[in-house]
Structures are given as structure tokens and as C-alpha cells.
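None of the values given here were measured: they were computed from a predicted structure. Residue indices begin at 1 and follow the sequence shown.
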Amino acid sequence: MVYLYEGDVQKSLYYHLLGPFVISFCIATIAVLSAELLTKKEYFTALLFNKKLAYSFAIFLATYHLIRIIFFVQNNSIDEILRQSIWR
């Protein structure tokens, strides 16, 4: 996300594929919530409370992060992982 703030989208996507989408989602959420406050109407209620969509998204995120952890462990030694760990 730091690289995205610096304007380097390609490097940001290299480190975290979903980073730019998360920022876009946050900006869109602020816009929709502001519109809801101004118009006193609710938007995307059916989408937000869709159980099938929620489970699909959870499975996607779990799979994505599991793959990231596997690649991280394969590309780094135990010493490097422990050196970068917050649990020192």
C-alpha cells in the first residue's frame, strides 16, 4: 500500500494484488455512505446482506492469503522469517 501512495501501482500490485482494490473500495464506500446520509435512502442493501456473496468472498480471501503464505515461506528461510517477525 505504501508503493500505491507513492504512485507506483505496478510495485504495489506486485506486493499485494488486492491493495489498490481495497483503497478503491474504501473511497467508494465513503461516497455511498455520504449519499445515503444526504438522500436518507439505503443503497446496496441486498448486496451487503447476500450470504452467498459473503461466503464466496471469504473463501476467495482465505485461498488468496494461504497462497501468499505458501509463497512467502518458500521464498524465505526460517531465519529471515524470524528476523522480519513482529514476535521477536
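When the side chains of ILVMFWY residues are joined at heavy-atom separations under 4.5 Å, either directly or via intervening members, Leu17 and Leu61 end up in a single hydrophobic cluster. Cluster membership check: Phe25 does not share its hydrophobic cluster with Phe57, using side-chain heavy-atom separations under 4.5 Å among Ile, Leu, Val, Met, Phe, Trp and Tyr.
Take Leu38 and apply the side chain to side chain contact (heavy atoms under 4.5 Å, CB included) test, not counting sequence neighbours, and it matches no residue. Among residues two or more places apart in sequence or in another chain, the side chain to side chain contact (heavy atoms under 4.5 Å, CB included) test is passed with Tyr43 by Val32, Ala35, Glu36, Thr39, Lys41. Under the side-chain hydrogen bond (donor to acceptor under 3.5 Å, both in side chains) criterion, Glu42 pairs with Thr45, not counting sequence neighbours. Every residue two or more places apart in sequence or in another chain was checked for a ring pair (Phe, Tyr, Trp, His ring centres under 6.0 Å) with Phe21, and none qualifies.
Sorted by first then second residue, the side-chain hydrogen bond (donor to acceptor under 3.5 Å, both in side chains) pairs that include residues 54-73, not counting sequence neighbours, are His16-Arg68.
Interatomic distance, Phe44 CZ to Leu48 CG, rounded to the nearest 0.5 Å: 8.5 Å.
Ile69 belongs to a hydrophobic cluster whose other members, connected by ILVMFWY side-chain contacts under 4.5 Å either directly or through intermediates, are Phe72, Val73, Ile81. Ile70 forms part of a hydrophobic cluster together with Leu66, judged by ILVMFWY side-chain heavy-atom separations under 4.5 Å.
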